[in-house]
Amino acid sequence: MIRGFLFDLDGVLTDTSEYHYLAWKRLADELGIPFNRQENEALRGVSRRESLLLLLKGRPASEEQMNAWMELKNQFYIQFIQQMTPTSLLPGARELLEELRQGGYLSAIVSSSKNTPLVLERLQIAPLFDAIVDGNTPVRSKPAPDLFLLAARKLSLLPAECVVVEDAAAGIDAGKAAGMRTIGLGPRERVGHADLVLPDLQQVHLAEILTRLG
Ligand code: BG6
Ligand code: MG
């Protein structure tokens, strides 16, 4: 029986995935490394360090350089987040979260991002969640199942009682590795391995999810 929903944040509840892309793109331009939207798809849901390694595509870099570049990318990213307001929630997100709450379901944020507290503050949605697990937690990041398993424990739910909502291939991998049901938002090329694939959260209702997940 489904009792809880574990939501990724960037690219699911708000369009910060675009800001992550623009910030990485700016760093890549400064370093003279070719980088485009298609390559960025592999960075979705992946930690800051893993993202940088993907962007560097095997170029050698010292630990010190890597740290400086991650810090620079984060500064670019934080500039973008400053523009966010509660209206930056994606269409359908608030409606679904409220419907879940009214229906007695638990919900959590499960994000790889260390900036989760900042983004939640801009969106003012923290009170809609029963648990928050983010990239500041010292466990393996997605695609490992650790963040989702921790969220389930915080909600006192079994993995089989949880549904993961993700926009990233790495996030769907993590949810599956955790033994949870998965909803992928976005193109099939990215999240086609999810149990249910939807374009986004617009007009998505609990009854339909429960029916379609069986
Ligand atoms: C994920 C994003 O939510 O968080 C990734 O999808 C990002 O693009 C990762 O790299 C880590 O974010 P941050 O804010 O800790 O650099
Ligand atoms: Mg995401």
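Order of listing sets the numbers, starting from 1, for every ligand and every atom in it. Everything numeric here is computed off the predicted structure, so don't read it as measured data. Throughout, numbering of the chain's residues begins at 1 and tracks the sequence.
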Y21 six-ring face occupied by K25 cation (under 6.0 Å, within 45°): no
Report yes or no: does [X] contribute a side-chain atom to a donor-acceptor pair with the main-chain N or O of [Y] at less than 3.5 Å?
| X | Y | value |
| --- | --- | --- |
| K142 | V110 | yes |
| S47 | E50 | yes |
| R122 | Q82 | yes |

Distance under 4.0 Å to a non-hydrogen atom of [X]: what atoms of ligand 1 satisfy this?
| X | result |
| --- | --- |
| L43 | 5 (C), 8 (O) |
| N115 | 13 (P), 14 (O) |
| R48 | 11 (C), 13 (P), 14 (O), 15 (O), 16 (O) |
| S51 | 10 (O) |
| K114 | 13 (P), 14 (O), 15 (O) |
| S111 | 3 (O) |

Which option out of V46, V12, D10 puts a heavy atom nearest to atom 5 (C) of ligand 1? V46
Tell me, please: is A168 in heavy-atom contact with ligand 1, that is, under 4.0 Å? no
Are the charged groups of R49 and E63 less than 4.0 angstrom apart, N to O? yes
If you measure from the Lys or Arg side-chain nitrogens to the Asp or Glu carboxylate oxygens, is any gap between R101 and E98 under 4.0 Å? no
Between D10 and T16 the two heavy atoms that sit nearest each other are OD1-OG1, 2.6 Å
Check A108 against L155 and note the closest heavy-atom contact, atom names and distance. CB-CD1, 4.0 Å
Using a 4.0 Å heavy-atom cut-off, which part of S113 comes near ligand 1: side chain, backbone, both, or neither? both
Presence of N, O or S from D167 under 2.8 Å of the Mg ion (ligand 2): yes
Whether F129 and F7 hold their rings parallel, tilted or perpendicular, with breakpoints at 30° and 60°: perpendicular
If you consider just the N/O/S atoms, which atom of D10 is the closest one to the Mg ion (ligand 2)? O
Tell me which N, O or S atom of D8 sits nearest to the Mg ion (ligand 2). OD2
Considering non-hydrogen atoms of the protein only, which is the closest contact for atom 6 (O) of ligand 1, and what is the distance? G45 N, 2.8 Å
